[in-house]
K.L.:
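Here it is, the structure in full.
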Amino acid sequence: MQIRHALVHLITLGMVISSALMIWKGLIIMTGSESPLVVVLSESMELGFERGDILFLQMSKHPIRTGDIVVFNDGREIPIVHRVIVEVVHERRDNAQVDFLTKGDNNPMDDRILYTHGQLWLQQHHIMGRAIGYLPKAGWVTLVMTEKPVIKYCNVEGFCIFFRPDGWVQNAIQNLAPPPAGVEAVCAAVIKSTLTQPHNHHHLLAASPSLLAAVLHRLSPLPSTALAFFRSLPPPHPLDASLALLRLLAPHPRHHPTARSLLRDLSLRHPLSSPLLLPSLLADPHLPSWLLLLLSQSARPHDALRVFDHMRAREVVPDAHASSALLTALAKSRMTATARKVFDQMTRAGVAMNTHVYNAMLHVCLKAGDAALAESLMTRMDAAGVPLDRFSFNTVIALYCRKGMQYEAMCVRERMENQGVKADVVTWNSLIHGLCKERRVKEASQLLREMAMAGVAPDHVTYTTLVDGYCRAGDLEEAVKLRGEMEAMGMLPGVATYNAILRKLCEDGKMKEVNVLLNEMDERKVQADHVTCNTLINAYCKRGDMTSALKVKRRMMESGLQLDQFTYKALVHGFCKAKELDEAKEALFEMMGAGFSPNYSVLSWIVDGLCNKNNAVAVLAIPDELMKRGFPPDKAVYRSLIRRLCKKGFIDLAGNVFNEMQGKGLEADCLVYATLACAYLTAGKPVAALDILNEMAKKQLYITPQIYNCMCTSYADEKGSLNMLWVHAIERGLITKSVYKVMHQARMKSSNPATNQAANLQVMGCFNSKPNNAGAIRRRHGRVEVDVCAWIMSS
């Protein structure tokens, strides 16, 4: 029994060994390599391979190229795994043979010191195989047995002793989970890209985005490799991995353009400014400023402001480039008040205030029309030693010219010359435009001559500005002469130049000359724009030639130009003037269908046309017609109808419109109540006027300076009614303190005050009094107050 048992063990062991040998020989035949599997024993190929990794070799007919990882043996006991760094074709007598030079990735020099003495190259017969795959850490048993032979003998003896034919070893192997493909494994595969290509790990990385992020973090010392690996992955890339790559590339200036491009793509696909994502970017010194810059340049000022607030809370200081971009974005969005606040916060946060940041803030001043702030900024720049460049001076000059401060603009230009900053064409154009806007065209022409003497060539903008200035000043002859000078210098007039001359010809009613100029535009292939068409339509409408106006409208639409609000207003006005009210209403409906709301003037023309036809009752049908066309009338429509009916004296119809407005749940504003009250006073119905004012007081609707100025303009020819309105409004406390200031300022500007000192003190006393107290004071001096109001109206 013991002999039989030993024979069974021996036969079983032989079967295991023979099976292993058959598998080994089968692998040799399949791979063409005499050693299909090898174990890495040294550290010469880290990070690509580590000790204990098993390599899979293949010896195919494909030639070995530079970058391949090969196993070679030039007579040594243990083969070597290194990378081919040079392949050279050496011509020999019998044939041309390719020689190789290898090197370990972790070695400082090539392998010639490892070759046989006197050998400089490896030949094909030295190569045992090319690596095509690997299994990390699977050969550690072989590694231990190679370094400690006694362990190998003990292992064989234990295998013989404990081996049983019941298959427990096979079951254990079958139940053993394969080694996980961890971070180090993927990193090694990435580094030796000629082995396992990255796409073999796509399923693993897609299933575990955190693993991809960990791989990228592990590849931090090799940013180029990490970037190439990341680009090889199919989109979309996980956000965590993209952020990890950003943090990896940010410390390397060579990769900054790539990092900014990646950040731009992420900002378009993900809300990076949200509180959930933004903190992960604030830890890096570069990413917050880059994100702030990208959001600002992408016209997303609100997102940029959110990033800036988080940076300020974390005490992260943006760079000057990002700061100037944020201020510029706020200026373009007309968020000038916010820009001022942000600039002060930047100053307190310690932003490096250079010329570009100050220029962005000067641009904010230009948009806001704040000359005082611009002057203070220039003073701060001088005190801080920050030089003003040409953009700084041009911005301030443009601001002064826009505000009509020509003398200050000239002073800035002189300062430019004193500081050695040469004025360019933008500088001269701003000065010329400012003078032309004030009809000082002779001085503007003098600047044109000075501009030529300074060696600055005028451009299209220069001549167009002067042509427009002469046309607005009524000197059409000089404008045409200047256009000829422009053509003599080789600059053909553009559409803006033609528009300036066309507008003046239309104003003068010279339609024949207009047609000649239009033909010239066609011959020179100058395409008409909105201004051209609107100018022609407005001119024809004023002349009552609606046929020609509609013809221009059709050509305008055929050429692809969209009709704007000015076009519709001109058509409505023209139809009303021609007493074609049905066509005027159609133009109104078409205007509202295009998304434009009619203002007071448009509805006033229609109301006037109906009243002139003794059909004022038809005004009541306008809201219903709008409703039928699918345009529910809003508060502005009812306000315009009520105001115009009151102005025309149809107070009863205005009351009906007012009642209809309230019946539809639309609350009337202060202007409607003030208009109705004034109209009732004019019609001799003081009781109805007082009821309206009492309702105003009940609803706490107060007269503001805007409403006060509007009423003064609309009822300037009805001073008595207007004076009584102010008296009754003061008695009920409906006048705000700011209106008293407007009255006082108008009175102080008068050179011929017509009231006594008591009345003056009366107005002065209202500044520091509550509305009700002011009303009590004015009731004691009622007649004086009427005189004061009458004086204000007459002035």
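These numbers come from a predicted model, not from an experiment.
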K.L.:
Can you pull the side-chain hydrogen bond (donor to acceptor under 3.5 Å, both in side chains) pairs that have at least one residue in residues 602-620, sequence neighbours excluded?
P.N.:
Asp608-Arg644
K.L.:
So Val619 and Leu641, side chain to side chain contact (heavy atoms under 4.5 Å, CB included) or not? Walk me through it.
P.N.:
CA-CA 8 Å; Val619 177; Leu641 295 177; 3.9 Å; yes
K.L.:
How many angstroms lie between atom CD of Glu583 and atom CG of Leu581, to the nearest 0.5 angstrom?
P.N.:
8.5 Å
K.L.:
In residues 558-566, what donor-acceptor pairs under 3.5 Å come from side-chain atoms, sequence neighbours left out?
P.N.:
unit_1, atom_1, unit_2, atom_2, d
Ser559, OG, Arg555, O, 3.1
Ser559, OG, Met556, O, 2.9
Asp564, OD1, Asn534, ND2, 3.2
Asp564, OD1, Phe566, N, 3.4
Asp564, OD1, Thr567, N, 3.0
Asp564, OD1, Thr567, OG1, 2.6
Asp564, OD2, Asn534, ND2, 3.1
Gln565, NE2, Ser597, O, 3.2

K.L.:
Under 3.5 Å, side chain of Gln406 to main-chain N/O of Gly434, donor-acceptor pair present?
P.N.:
yes
K.L.:
Check step by step if side chain to side chain contact (heavy atoms under 4.5 Å, CB included) holds for Leu626 and Phe589.
P.N.:
CA-CA 7 Å; Leu626 291 175; Phe589 299 146; 3.3 Å; yes
K.L.:
Answer with yes or no whether the side chains of Thr675 and Tyr715 bring together a donor and an acceptor at under 3.5 Å.
P.N.:
no
K.L.:
Do you see a donor-acceptor pair shorter than 3.5 Å between the side chains of Tyr470 and Glu477?
P.N.:
no
K.L.:
Measure the CD1-OG1 distance between Ile432 and Thr464 for me, rounded to the nearest 0.5 Å.
P.N.:
11.5 Å
K.L.:
Lys403: which residues meet the side chain to side chain donor-acceptor pair (under 3.5 Å) condition with it, sequence neighbours left out?
P.N.:
none
K.L.:
So, the side chain of Ser721 versus the backbone of Cys678: is there a donor-acceptor pair under 3.5 Å, distance only?
P.N.:
no
K.L.:
Classify the side-chain pair Asp468/Thr465 by whether it contains a donor and acceptor separated by less than 3.5 Å.
P.N.:
no
K.L.:
Keeping Arg439 on the side-chain end and Arg472 on the backbone end, is there a donor-acceptor pair under 3.5 Å?
P.N.:
yes
K.L.:
I'd like to check Lys585 versus Val572 (side-chain heavy atoms, cut-off strictly below 4.5 Å). Are they in contact?
P.N.:
no
K.L.:
Would you mind checking if Arg524 and Glu487 are paired as a salt bridge, meaning a charged N to carboxylate O distance below 4.0 Å?
P.N.:
yes
